[in-house]
Amino acid sequence: MKRKGNPLRKRIPREFIHEIGKYIAVFLFMTLTIGFVSGFLVASGSMKHTYDESFEQYNIEDGHFVLKKKASKDFIQDIEKNDKISIYEDYYLEEEADINGDGTKDGTFRIFGERKEINKVCLMEGDMPTKNNEIALDRLYMKNNELKVDDKVKVGNKEMKICGIVALSDYSALYQDNNDMMFDANLFSVAVVSKEGFISFGDKHKYYNYAWLYNKKPKTEVKEKEAAEKLAEHLAEAAYMKENQIELFIPEFLNQAIHFSGDDIGKDRPMMTVLLYVLIVIMGFVFAVTINNMVLKEAAVIGTLRASGYTKGEIFRHYIIIPVLVTLISAILGNLLGYTVFESVARNMYLGSYSFTTYETLWNGDAFLKTTVVPVLIIALIVSMALGRKLSMSPLRFLRRDIEKKKNKKAVKLSRKIGFMNRFRIRIIQQNLSGYLTLFIGIVFSCLILMFGMIMPELIDDYSEDALKYKPAEYQYTIYEPYETNVAGTEKYCITTLKMQDDYYDEEDIRIYGIKKNSTYFDVKLPKEGVTVTSDLAKKYNLKKGDIVNLKEEYGNKLYAFRVSNIMEYPTCLGIFFSMKDFREVFDMEKGYFNGYFSNQELTEEELPEELVAGCVEEEDLTKLARQMDDSMGEMFNLVKGFALIMFLLLMYLLTKQILEKNTNAISMVKVLGYKNGEIGKLYIVTSIWVVLFSTIFSMVFNTWLFHIILRIFMKGFGGWFNLVVSTELYLKMSLMIIVTYLIVVFMQFWKIKHVPMEQVLKNVE
């Protein structure tokens with residue numbers, strides 16, 4: 001029978017208005033979630049596009065090496081010819097900076113001259129330096145230190161004027177040392193000066209840096225690695241023949257200053273997409289529970305409509321239209337916010353960490369698909385599955401309101417020993433199992449996000465505290481060649497770096513120390529055979545006594561294998577310790593060789609000539625990780641915590657509301673029997689408290705275990721190691737946050753129970 005129009009459509013506005021509080025809550029949550037993820041994908045997509053194009057646009061190097069002395073012309077020509085590369089001089093200076101005129105060091109500037117051929121500079125504001133006393137600084141460093149164009153800073157012994165703000169294409173992450181666990185945009189900046197300005201600093205702090213480009217770029221990563229290894233071998237041989245020395249060799253694919261930011265963008269996008277889909281699936285189950293309760297509530301109406309000739313398809317479309325419309329409108333509005341408000345939020349998060357060149361926001365079709373089309377399909381699929389199962393029943397079962405009953409299924413017998421109230425609560429859980437299961441999953445996921453937001457700052461603080469607690473000395477000097485100093489309290493040591501060879505983790509630098517037996521700076525007994533490894537190295541690579549550690553020399557193909565004989569407590573360091581005698585034997589060093597000093601006091605120019613100092617590790621170097629992570633991610637951690645609590649509140653509100661609405665008749669009945677609102681609240685609210693407490697306790701145990709796995713995966717491409725120790729205080733803080741959030745929901749639940757009329761049960765007599 002063909003009908004004019006569909007009367008069911010008239011019910012849609014009424015149903016929406018009747019449940020407007022619930023739909024507004026879902027709408028706001030989905031809009032904000034989709035908006036944030038959309039903005040994040042748009043900003044990261046635009047930045048990734050600009051980053052990828054910058055290699056060609058700014059002619060970024062294929063690698064660079066630093067020599068102890070200036071290379072001769074024939075040295076360069078020989079390497080270029082043999083390895084089919086073009087080499088460019090890219091000398092730089094490293095000068096201490098005083099940016100506030102108080103006479104103390106505020107950081108280090110790595111100063112380059114004019115870069116017109118390779119690793120070109122992006123001018124973001126102001127002008128490029130043309131005068132002897134002008135300097136252009138990195139944008140992020142200036143932001144972190146509240147500097148602006150035309151400010152004066154002291155660099156070395158010169159007062160200079162900041163004439164411009166720049167981004168160097170090969171320093172999108174401000175790594176001063178490629179082996180550092182984290183870059184430092186607070187105390188380190190790259191800078192550009194004019195040709196005359198560069199010469200005016202002299203040669204005292206000059207580094208003979210050479211960048212190269214392949215004449216024909218290797219097509220695969222494997223071939224690029226092979227080409228870099230051959231180049232390193234040729235350089236080492238040529239430098240030895242010319243009585244020169246390689247101080248640094250970094251192929252472009254291993255350069256963290258170039259790749260860390262690009263890799264981070266690449267890793268974040270899938271993570272954010274998965275987060276969106278998990279949240280949408282949870283919202284889908286919320287809709288499914290809502291639809292189930294609505295079908296149960298309107299069973300007689302559905303039965304009448306089916307008996308009157310309405311098809312399953314018509315009723316199906318009626319009930320699915322609101323969830324799909326709410327999701328679609330949320331997705332459209334979320335995308336609008338994503339390209340406006342949230343794009344700037346995500347952009348500022350990235351620009352607060354990295355020194356990207358100038359970029360423009362681009363249309364992102366992939367983001368639109370992921371944040372609009374896919375969420376609608378997910379919601380439609382989940383709701384369809386829930387509706388299809390219900391609507392497959394006969395009209396007679398709807399009319400009899402027995403759609404929840406199943407053939408030959410008996411209620412589980414409960415012992416009388418547990419009391420009437422507890423038996424009643426267990427029945428409530430049994431009758432609302434799907435709702436409580438969704439609540440359980442939502443709480444577990446919310447707690448995971450909350451734990452991430454709370455545990456990361458604690459993890460970073462612990463790392464910083466351990467770095468200071470276990471530092472062997474106030475100053476750790478490395479020197480180019482042995483030099484005797486008579487300063488009391490100093491202790492010689494040897495150090496080199498080898499690459500770890502491991503099937504799971506990427507190659508990373510391992511520090512190899514040779515120290516005095518009975519050292520005053522290390523409380524460790526060195527074994528007669530084998531080596532001592534640090535606790536973090538043992539944890540990261542699952543090493544135990546008797547295991548073999550395989551390493552490779554940094555510039556060459558020589559392999560080393562060491563047996564672990566001892567593990568020493570030394571967090572924040574991936575290191576291996578020998579006696580100085582064994583170190584010299586292993587690395588073929590002459591008797592008496594050393595290349596470093598431990599000291600608890602700073603050594604002056606007279607005590608240790610500055611030109612011999614290759615580097616010095618001080619307290620500010622040990623805490624750079626905490627500083628940078630706090631600057632770049634501190635706001636994000638707070639945002640994550642707030643998001644988790646809002647999600648928890650929303651899920652608690654929506655699902656407990658559904659459970660109470662489903663049990664409206666039962667609540668009305670017990671009111672008729674004389675139970676007061678407080679007593680009824682104890683039945684239903686305490687039941688929810690059981691579920692919340694169980695879910696929270698399970699979440700903390702499960703998520704702590706899961707975090708260990710996540711951390712190991714995270715550290716796969718990250719140098720160093722974090723020790724995950726979840727404090728009791730953190731668990732207490734999480735519990736307090738959840739309890740306070742749930743108290744808000746309890747108040748809403750009690751208000752709902754209070755307003756259930758006693759006559760409700762009389763309207764639905766079966």
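Because the structure is a prediction, the values reported are computed rather than measured. Residue numbers run from 1 in the order of the sequence given.
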**Request:** Start with the C-alpha gap between L67 and I246, add the side-chain angles, then the distance that decides, and say whether side-chain contact (heavy atoms from CB on, under 4.5 Å) holds.
**Result:** CA-CA 5 Å; L67 299 177; I246 303 174; 4.1 Å; yes
**Asked** Between Y470 and Y570, does a ring pair (Phe, Tyr, Trp, His ring centres under 6.0 Å) hold up when you go through it step by step?
**Response** CA-CA 6 Å; Y470 288 92; Y570 189 1; 7.1 Å; no
**Message:** Using side-chain hydrogen bond (donor to acceptor under 3.5 Å, both in side chains), reason through S86 and N215 one step at a time and then give a plain yes or no.
**Reply:** CA-CA 7 Å; S86 298; N215 295 338; 3.1 Å; yes
**Request:** Please test V193 against M160 for side-chain contact (heavy atoms from CB on, under 4.5 Å), starting from the C-alpha separation and ending with a verdict.
**Result:** CA-CA 10 Å; V193 295; M160 305 196 77; 4.1 Å; yes
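Relative ring orientation between F598 and Y521 is described as tilted, the plane-to-plane angle lying within the 30° to 60° band. Taking the six-membered ring where the residue is Trp, Y560 and F562 present parallel rings, their angle staying beneath 30° rather than reaching 60°.
Going from atom OG of S54 over to atom CG of N59 covers 11.0 Å, rounded to the nearest 0.5 Å. Interatomic distance, CG of L711 versus CG of L724, reported as 6.0 Å (0.5 Å rounding). Rounding to the nearest 0.5 angstrom, the gap separating the CG atom in D90 from the CZ atom in R115 is 4.0 Å. The CG atom of L608 sits 9.0 Å away from the SG atom of C616 when rounded to the nearest 0.5 Å. The structure places CG of L526 at 8.5 Å from CG of N566, a figure rounded to the nearest 0.5 Å.
For Y210 and Y88, the ring centers sit 6.0 Å or farther from each other. Here F583 and Y493 keep their ring centres 6.0 angstrom or further from each other. Taking the six-membered ring for Trp, F249 and W212 have ring centres closer than 6.0 Å. No close placement of the Y593 and F587 rings is indicated, their centers lying 6.0 Å or farther apart.
Between K70 and D203 no salt bridge is recorded (no basic side-chain N to carboxylate O distance below 4.0 Å). Taking a cutoff of 4.0 Å between a charged side-chain nitrogen and a carboxylate oxygen, K558 and D588 qualify as a salt bridge. Salt bridge status for K544 with D547: present, with a side-chain N to carboxylate O gap under 4.0 Å. Salt bridge annotation for E95-K204: absent, with no cationic side-chain nitrogen under 4.0 angstrom from a carboxylate oxygen. Of the charged side-chain nitrogens involved, none lies within less than 4.0 Å of a carboxylate oxygen, so that K230 and D83 do not count as a salt-bridged pair.
Around atom CZ of F253, more than 12 heavy atoms belonging to other residues, nucleotides or ligands sit under 6.0 Å away. Within a 6.0 Å radius of CZ in R511, no more than 12 heavy atoms belonging to other residues, nucleotides or ligands are found. The local environment of CG in N82 is crowded, with over 12 non-hydrogen atoms from other residues, nucleotides or ligands closer than 6.0 Å.
Side-chain contact between L248 and Y207 is absent, with no heavy-atom pair separated by less than 4.5 Å. With a 4.5 Å cut-off on side-chain heavy atoms, F75 and L235 count as touching. Residues E474 and Q601 have side chains not in contact (no heavy-atom distance under 4.5 Å, counting atoms from C-beta outward). Residues V613 and L603 fail the side-chain proximity criterion, which asks for heavy atoms closer than 4.5 Å. Two residues are said to be in side-chain contact when any heavy atoms from C-beta on lie closer than 4.5 Å; V487 and T604 fail this criterion. Considering only heavy atoms from C-beta on, M568 comes within 4.5 Å of F522 through its side chain. E458 is listed as a side-chain neighbour of S727, based on a closest heavy-atom distance under 4.5 Å. Considering only heavy atoms from C-beta on, E252 comes within 4.5 Å of I258 through its side chain.
For the pair D170 and E61, the tightest heavy-atom approach, listed with the atom from each and the gap, is OD2-OE1, 4.2 Å. Between V533 and A538, the shortest heavy-atom contact is CG2-CB, 4.3 Å. Between Y475 and E602, the closest heavy-atom pair is CE1-N, 3.3 Å. Here the closest heavy-atom approach between residue N119 and residue A211 is recorded as ND2-CB, 4.2 Å. A pairwise comparison of heavy atoms in Y354 and L140 identifies N-CD2, 3.8 Å as the closest pair.
Between the side chains of E96 and H205, no donor-acceptor pair is found at a separation under 3.5 Å. No donor-acceptor contact under 3.5 angstrom links the side chains of T534 and D536, judged on distance only.
Applying the ring pair (Phe, Tyr, Trp, His ring centres under 6.0 Å) test to F188 and every residue at least two apart in sequence or in another chain returns nothing. Under the side chain to side chain donor-acceptor pair (under 3.5 Å) criterion, K242 pairs with D74, not counting sequence neighbours. Residues satisfying the side-chain contact (heavy atoms from CB on, under 4.5 Å) criterion with L612, sequence neighbours excluded, are E481, Y483, P609.
Under the 3.5 Å distance criterion, the side-chain polar atoms of Y597 are matched with a main-chain donor or acceptor of T485. Not one N or O on the side chain of N209 forms a donor-acceptor pair closer than 3.5 Å with the backbone of H64.
Remark: R110 qualifies as a cation-pi partner of Y92 under the 6.0 Å distance and 45° angle criteria applied to the six-membered ring. The cationic group of K158 lies under 6.0 Å from the six-membered ring centre of F201 and within 45° of the ring axis, placing it in a cation-pi geometry.
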